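Read through the structure below, which is laid out as structure tokens, and then see the notes.
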Amino acid sequence: NVSSSLTFSNWYNYLSGHIRNSSNYDAVNLSWGVTSSSSSYSDFTSGSSDFADYSNTKSVFVVSAGNSGAPCTEANFTNCNLLAVDLVLDSSLGDQVIVAGALNSNGTSIATYSNRAGVLKDRFLLANGDTGYDNTAGSDILGTSFAAPRITGAAAILKSKFQNLTGAQAADILLLTADKDINDDGSDDFTGVSDIYGHGELDTSAALSP
């Protein structure tokens, strides 16, 4: 979380540098975030593209949703990952972006710590956020930062199998083939796109089976 070490005015330079240096990659993982109590959703809807001069169309960019359990609605924007919002709303890069929310350890519900889809729902996808390891204090190591690389890996596999896909096409396939049966009871838990779950749970097998 770069919020603890960078000023809000400097974090964008790090973001831009990472993305611009990743132009030759098919799948880019961004397991980091930034928050600011002074920002609102409207701050991100009035600006021009940050990447208007950027011509990379091959990459899928997967960014973690954040671990504050935040709803990320227009009315309640506190603790949302501003990096994810900035990328999703970018007119040049947004269609190549997936925001990674986390499932609980059983994979049957969204994790309590995971930020919800909210205003990011059109680009939101869930994957397991548990690593299976404990820290030195004996607590599980988990978070949306570990859900994101699972989705990034799926994007890499998809791009490897179908090498003609653009980043936007690959991202859309992963989103549109998501499993909507979150609790695994045999029936979908929502229709369309959910304010909580986005498109649903990553289903790599479905994405690889056009």
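As the structure is a computational prediction, the values presented were derived from the model and not from experiment. Numbering of residues begins at 1 and proceeds along the displayed sequence. These values consider heavy atoms only, across backbone and side chains, with no hydrogens, waters or symmetry-generated copies.
To the nearest 0.5 angstrom, Ile151 atom CD1 is 6.0 Å from Ile98 atom CD1. Within the model, atoms CZ of Phe51 and CD of Gln96 stand 10.5 Å from one another, a figure rounded to the nearest 0.5 Å. Summarising the geometry, atom CG belonging to Asn128 is positioned 10.0 Å from atom CG belonging to Leu126; distances are rounded to the nearest 0.5 Å. The distance from the NZ atom of Lys58 to the CD atom of Gln169 is 14.0 Å, given to the nearest 0.5 Å. Remark: Lys121 NZ to Leu175 CG distance equals 14.0 Å, nearest 0.5 Å. Atom OG1 of Thr166 sits about 7.5 Å away from atom CG of Asp95, to the nearest 0.5 Å.
For OH of Tyr25, the number of neighbouring non-hydrogen atoms (other residues, nucleotides, ligands) closer than 6.0 Å is 12 at most. When the shell of 6.0 Å around CG of Asn24 is examined, it contains 12 or fewer heavy atoms from other residues, nucleotides or ligands.
Between Thr204 and Ala154, the closest heavy-atom pair is OG1-CB, 3.6 Å. The two atoms that bring Gly129 and Ala102 nearest to each other are CA-CB, 4.0 Å, heavy atoms only. Nearest heavy-atom pair across Ala127 and Ala147 is O-CB, 3.4 Å. Taking both residues in full, the closest heavy atoms of Asn29 and Ser31 are given as ND2-OG, 2.8 Å, listed atom of the first, atom of the second, then distance. Closest approach of Gly33 to Asn81, counting heavy atoms only: CA-OD1, 3.1 Å. Across all non-hydrogen atoms, the minimal contact from Gly200 to Ala178 is C-CB, 3.9 Å.
Residues passing the side-chain hydrogen bond (donor to acceptor under 3.5 Å, both in side chains) test with Arg123 are Asp172, sequence neighbours excluded. For Thr136, there are no side-chain hydrogen bond (donor to acceptor under 3.5 Å, both in side chains) partners at least two apart in sequence or on another chain. Under the side-chain hydrogen bond (donor to acceptor under 3.5 Å, both in side chains) criterion, Asn67 pairs with Thr144, not counting sequence neighbours.
Counting only heavy atoms from C-beta outward, the side chains of Ser16 and Asp50 never approach each other to under 4.5 Å. Annotation: side chain of Asp140 is in contact with side chain of Asp134 (closest heavy-atom distance under 4.5 Å). A heavy-atom distance below 4.5 Å is not found between the side chains of Thr112 and Asn104.
Leu89 and Val193 fall into different hydrophobic clusters, defined by Ile, Leu, Val, Met, Phe, Trp and Tyr side-chain heavy atoms under 4.5 Å apart, directly or through other members. In the hydrophobic clustering of ILVMFWY residues, with side-chain heavy atoms under 4.5 Å counting as a link, Leu120 and Leu30 come out together. By the criterion of side-chain heavy atoms lying less than 4.5 angstrom apart, applied directly or through intervening Ile, Leu, Val, Met, Phe, Trp or Tyr residues, Phe124 is grouped together with Val28 in one hydrophobic cluster. When the side chains of ILVMFWY residues are joined at heavy-atom separations under 4.5 Å, either directly or via intervening members, Leu103 and Tyr113 end up in two distinct hydrophobic clusters. Put simply, Phe44 and Phe61 are part of the same group of oily side chains (I, L, V, M, F, W, Y) that touch within less than 4.5 Å, one to the next.
The aromatic rings of Tyr41 and Phe77 stand perpendicular to each other, their planes meeting at an angle above 60°, with 30° marking the opposite boundary.
Looking only at distances, a side-chain donor or acceptor of Thr45 sits under 3.5 Å from a matching main-chain atom of Ser42. Looking at Thr152, its side chain never comes within 3.5 Å of a backbone N or O of Ala27 through a donor-acceptor pair. In this structure, the side chain of Asp189 engages the main chain of Asn183 through a donor-acceptor pair within 3.5 Å. Side chain of Arg116 to backbone of Ser114: a donor-acceptor contact under 3.5 angstrom is found. Between the side chain of Asn115 and the backbone N or O of Asn79, at least one donor-acceptor pair lies under 3.5 Å. A donor-acceptor pair is defined here as one N or O able to donate and one able to accept, closer than 3.5 Å; such a pair exists between the side chain of Asn21 and the backbone of Gly17. No donor-acceptor pair under 3.5 Å is formed between the side chain of Asp26 and the backbone N or O of Ser160. Looking at Glu201, its side chain never comes within 3.5 Å of a backbone N or O of Asp179 through a donor-acceptor pair. A donor-acceptor distance shorter than 3.5 angstrom exists from the side chain of Thr73 to the backbone of Asn76, with no hydrogens or angles considered. Checked by atom type and distance alone, the side chain of Asp181 pairs as donor or acceptor with a backbone atom of Gly186 at under 3.5 Å.
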For side-chain hydrogen bond (donor to acceptor under 3.5 Å, both in side chains), just list the numbers for Asp130 and Ser105, CA-CA rounded to whole Å, side-chain angles, deciding distance to a tenth of an Å, and then say yes or no. CA-CA 6 Å; Asp130 198 338; Ser105 298; 2.4 Å; yes

Please report the C-alpha distance between Leu208 and Ile157 in whole Å, then the side-chain angles of each, then the deciding distance to 0.1 Å, and finally whether the side-chain contact (heavy atoms from CB on, under 4.5 Å) criterion is met. CA-CA 8 Å; Leu208 294 172; Ile157 294 169; 3.8 Å; yes

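When each of Leu93, Val88, Asp86, Leu87 is checked for a side-chain contact (heavy atoms from CB on, under 4.5 Å) with Asp90, only Leu93 meets the rule.
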